[in-house]
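Order of the sequence lines sets the chain letters (A, B, ...), proteins ahead of strands, with each chain counted from 1. Keep in mind the model is a prediction, meaning the values are calculated, not measured.
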Amino acid sequence: MSVTTRFAPSPTGYLHIGGARTALYSWLYARQQGGRFVLRIEDTDRERSTEESVQAILDGMAWLGLEADEAPVFQTARFDRYKALTQQLLDSGHAYHCYCSKDELETMREEARAAGRKPMYDGRCRDRKEPVPGVEPVVRFRSPDDGETAFDDLIKGRVVFQNKELDDLIIARGDGTPTYNFTVVVDDYEMGISHVIRGDDHVNNTPRQIQILEALGATVPVYAHVPMILGEDGKRLSKRHGAVGVMSYRDEGYLPEALLNYLVRLGWSHGDQEVFTRDEMLAHFRIEQVQKGAGAFNPSKLVWINHQHLQSMDPAQVLKHWQWHLDQAGIDVSQGPDPIAVIESQRERCKTLVEMTDKSRFFYEAPTEYADKAVKKWFKGDAQAVLTDLLEGFKALPEWTGAAAHAVVHGVAERRELGLGKVAQPIRVAVSGDAVSPPIDETLELLGREQTETRIARAIEFLAARDAA
RNA sequence: GCUCCCAUCGUCUAGCGGUCUAGGACGUCGCCCUCUCACGGCGAAAACAGGGGUUCGAGUCCCCUUGGGAGUACCA
């Protein structure tokens, strides 16, 4: 049997991380099985669906690199199919018209609830022969009264429902438009979906969908219901937990590989391995091993994983993602050091690309001011004299290399009988504006002779002016 | 309320009847390394929700309780 999986979001907002994880699992499964992965946009709710949301979902999937094998399917383009299959069910007696008003249904539910029963439609229109004049009927699926409907979920195991718990649900509204549980069934059927991998908020819909599938004469797919992702506090994930949209993780400086890695590990594990490349996920992920219970989102672990990827990924790949941040920050790297070299030098101390951007700006733009704390701590005592010595030493250098600059720094420290910190820190502040940078030899080599000397000279001027005042 | 699902350190997890005085990771806290920030190294605190069974033996199987979650729409 050929495998086809799908990701079927409704375009009512951005792609959130819970959706991203189900999409990832679907994608992984399809790729592992040599099958197809397709995207279906469930936009039948015209009130809430928006064009921007469709784009946001597409953008999120693209950023994560979860590419689909076909153009997305839009449910709004398939109304004729839903209509045709509704008619088929009507003709075969699996569905019938119901003329009950919304008020009538509401009182029915209230009564049931008051009596401690489950609010269900009682099937009063099942055998109605004559239409009610002036009422546009809905179409209901005739659900079996006894027996049970069960399925073997790849993640949850066997799940059994008593058919008497399931009432006759509406598959087409009074205006003829189809409802969710019906469109899902029709599409999964006609798109040839073999494995339905979706959030476990759908387990309760599954038995109904199976019944409709069977009434349609379709093969029932294999189901895998993946647990939800909870917020840090263990409560349902929502806006107040901060970033839930996938693209905001890009904005915050995470690599898609890291988010994917975090997501795959949330609810699944492979021995003691924590860091997975895309290929490793493909090699080791097993949908059957996914945890049954919901997991809480842990931002600090995401940060750690991001750092791991930042350090192990090919710098050229990192640059692809970093470039976006550089552009956002308005940093032009064309006149400064090779960004690849900057990445190699910075990545062990930067957990996100945003941090890397902030900490690397000085390589491309001379500091316009010095951080107060740094000035207070390092631009004191004989800092000006130290910098003057250094500048002389640098100028005398026949060739500019990190090692050569380092030797000058050491020489000055020894001559003045100072610890290395007392010499290196003033340089840092002079060239970067703050007290933090990669090792001083690396920093200076990357920065280049001209910038180093100019900036130190400027710092000396700054100190002279300050001390004169 | 009813139906369905779930339950090991704060968090993500390993564990698939004896090797568990419960392992790893993030985070936290010490110490070491050190020109800054980091990286790294070493170490510490930290969990089987509770109660019944089954069994020679239960974190592991069964039941109940408790606690979470989902669904219960002419939303998806």
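Rounded to whole Å, atom P of B/rU36 lies 15 Å from atom CG of A/Leu444. The CD1-C1' distance, from A/Ile305 to B/rG27, rounds to 13 Å in whole Å. At whole-Å resolution of the value, CD in A/Glu111 and C1' in B/rG1 are 16 Å apart. Taking atom CG on A/Leu169 and atom C1' on B/rU3, their separation rounds to 15 Å, with Å as the unit. As a whole-Å value, the separation of A/Leu154 CG from B/rC5 P is 16 Å. Spacing between atom CG of A/Asp45 and atom C1' of B/rC74 amounts to 12 Å, rounded to whole angstrom units. Nucleotide B/rU72 holds its P atom 10 Å from the NE2 atom of A/His202, rounded to whole Å. Rounded to an integer number of Å, the gap from A/Met120 CE to B/rU3 C1' is 10 Å.
Between B/rC29 and B/rA70, the two C1' atoms lie 39 Å apart (nearest whole Å). Atom name P, nucleotides B/rA47 and B/rU8: the rounded distance is 14 Å, in whole Å. Going from the P atom of B/rU21 to that of B/rU65 covers 32 Å, rounded to whole Å. One P atom belongs to B/rC56, the other to B/rC20, and the distance between them is 23 Å to the nearest Å. Between B/rG68 and B/rC26, the two P atoms lie 31 Å apart (nearest whole Å). Atom name P, nucleotides B/rU11 and B/rG69: the rounded distance is 14 Å, in whole Å. The gap from the C1' atom of B/rC9 to that of B/rA49 amounts to 14 Å, rounded to the nearest Å. A gap of 6 Å separates the C1' atoms of B/rG23 and B/rA14, to the nearest Å.
Nucleic acid contact class of A/Thr44 (heavy atoms, under 4.0 Å, all strands): sugar-phosphate only. Using a 4.0 Å heavy-atom criterion, one finds that A/Gly295 contacts the sugar-phosphate atoms exclusively. The residue A/Val160 sits close only to the backbone: its heavy atoms come under 4.0 Å of sugar-phosphate atoms, none of a base. A/Leu266 comes within 4.0 angstrom of sugar-phosphate atoms only, judged by non-hydrogen atoms across all strands, and of no base. Residue A/Glu42 is in sugar-phosphate contact alone, with no base atom involved, counting any heavy-atom pair closer than 4.0 Å across all strands shown. Within 4.0 Å (heavy atoms only), A/Val159 reaches sugar-phosphate atoms of the nucleic acid but no base atom. A/Asn298 comes within 4.0 angstrom of a base, heavy atoms only. Counting any heavy atom pair closer than 4.0 Å across all strands shown, A/Arg109 reaches sugar-phosphate atoms only and no base atom. The residue A/Lys102 sits close to a base: some heavy atom pair falls under 4.0 Å. Nucleic acid contact class of A/Asn205 (heavy atoms, under 4.0 Å, all strands): base. Nucleic acid contact class of A/Tyr262 (heavy atoms, under 4.0 Å, all strands): none. Residue contacts shown for A/Gly271 are absent, as no nucleic acid heavy atom lies under 4.0 Å away. Within the nucleic acid shown, A/Gln291 comes within 4.0 Å of sugar-phosphate atoms alone, with no base atom in reach, counting heavy atoms only.
Using the Watson-Crick or G-U wobble rule with both distances under 3.5 Å, B/rA22 pairs with nothing in any strand shown. For B/rC16, there is no paired nucleotide, since no Watson-Crick or G-U wobble pair has both relevant distances below 3.5 Å. Under the Watson-Crick or G-U wobble criterion, with both distances below 3.5 Å, B/rG67 is paired with B/rC6. Pairing for B/rC48 is absent, with no Watson-Crick or G-U wobble pair whose two atom distances lie under 3.5 Å. Pairing for B/rC35 is absent, judged as Watson-Crick or G-U wobble with the two contacts each under 3.5 Å. Base pairing annotation: B/rG1 forms a Watson-Crick or G-U wobble pair with B/rU72, both donor-acceptor distances under 3.5 Å. Shown here, B/rU55 forms no base pair; nothing in the strands shown gives a Watson-Crick or G-U wobble contact with both key distances under 3.5 Å.
Comparing A/Thr183 and A/Pro119 against RNA chain B, the residue whose closest nucleotide sits nearer the 5' end is A/Pro119. Along RNA chain B, the nucleotide nearest A/Arg265 and the nucleotide nearest A/Leu420 are compared for position; the residue whose nucleotide lies closer to the 5' end is A/Arg265.
Taking the six-membered ring for Trp and thresholds of 30 and 60 degrees, A/Tyr82 and A/Phe79 have ring planes more than 60 degrees apart, a perpendicular arrangement. Aromatic ring orientation, A/Phe394 versus A/Trp400: perpendicular (interplanar angle above 60°, classes split at 30° and 60°).
Relative to the side chain of A/Gln425, the nucleotides B/rA25, B/rA76, B/rU36 differ in distance, and B/rU36 lies closest. Minimum atom distance to the side chain of A/Asp272 is reached by B/rG24, of the listed B/rG1, B/rA76, B/rG24. Listed nucleotides: B/rA70, B/rA76, B/rC74. Nearest to the side chain of A/Leu105: B/rC74. Which of B/rC74, B/rC35, B/rU3 sits closest to the side chain of A/Thr179 comes down to B/rC74. Distances from the side chain of A/Lys301 to the nucleotides B/rU13, B/rA76, B/rC26 place B/rC26 closest.
A salt bridge is absent between A/Lys102 and A/Glu106; no separation between the charged side-chain nitrogens and carboxylate oxygens falls under 4.0 Å. The residues A/Lys156 and A/Asp200 are annotated as salt-bridged, a charged nitrogen and a carboxylate oxygen being separated by less than 4.0 angstrom. Using a 4.0 Å cut-off between a side-chain N of Lys or Arg and a carboxylate O of Asp or Glu, A/Arg428 and A/Asp434 do not qualify as a salt bridge. At a threshold of 4.0 Å, the pair A/Arg142-A/Asp168 does not count as salt-bridged, since none of the basic side-chain nitrogens sits closer than that to a carboxylate oxygen. Checked for salt-bridge contact, A/Asp45 and A/Arg48 meet the test: a charged N lies under 4.0 Å from a carboxylate O.
For the residue pair A/Thr443 and A/Ser437, a side-chain donor N or O sits within less than 3.5 Å of a side-chain acceptor on the partner.
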Kindly give the atom pairs (protein nitrogen or oxygen, nucleotide nitrogen or oxygen) under 3.5 Å for nucleotides 37-40 of chain B.
residue : atom : partner  : partner atom : Å
B/rC37  : O2   : A/Arg349 : NH1          : 2.7
B/rC37  : N3   : A/Arg349 : NH1          : 2.7
B/rA38  : O2'  : A/Glu348 : O            : 2.4
B/rA38  : O2'  : A/Arg349 : N            : 3.4
B/rA38  : N3   : A/Glu348 : OE2          : 3.0
B/rC39  : OP1  : A/Lys351 : NZ           : 3.1

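The aromatic ring centroids of A/Tyr262 and A/Phe297 lie less than 6.0 Å from each other. Ring to ring, A/Tyr25 and A/Trp268 are not that close: their centroids are 6.0 angstrom or more apart.
A cation-pi arrangement, defined by a distance under 6.0 Å to the six-membered ring centre and an angle within 45 degrees of its axis, is present between A/Arg140 and A/Tyr121.
Put simply, the side chain of A/Arg113 and the base of B/rC2 share no donor and acceptor less than 3.5 Å apart.
Applying the 4.0 Å criterion to OP1 and OP2 of B/rA70, one finds that A/Arg236 has a side-chain N or O inside that range.
With hydrogens and angles ignored, the 3.5 Å screen pairs no side-chain donor or acceptor of A/Asn163 with any backbone N or O of A/Pro144.
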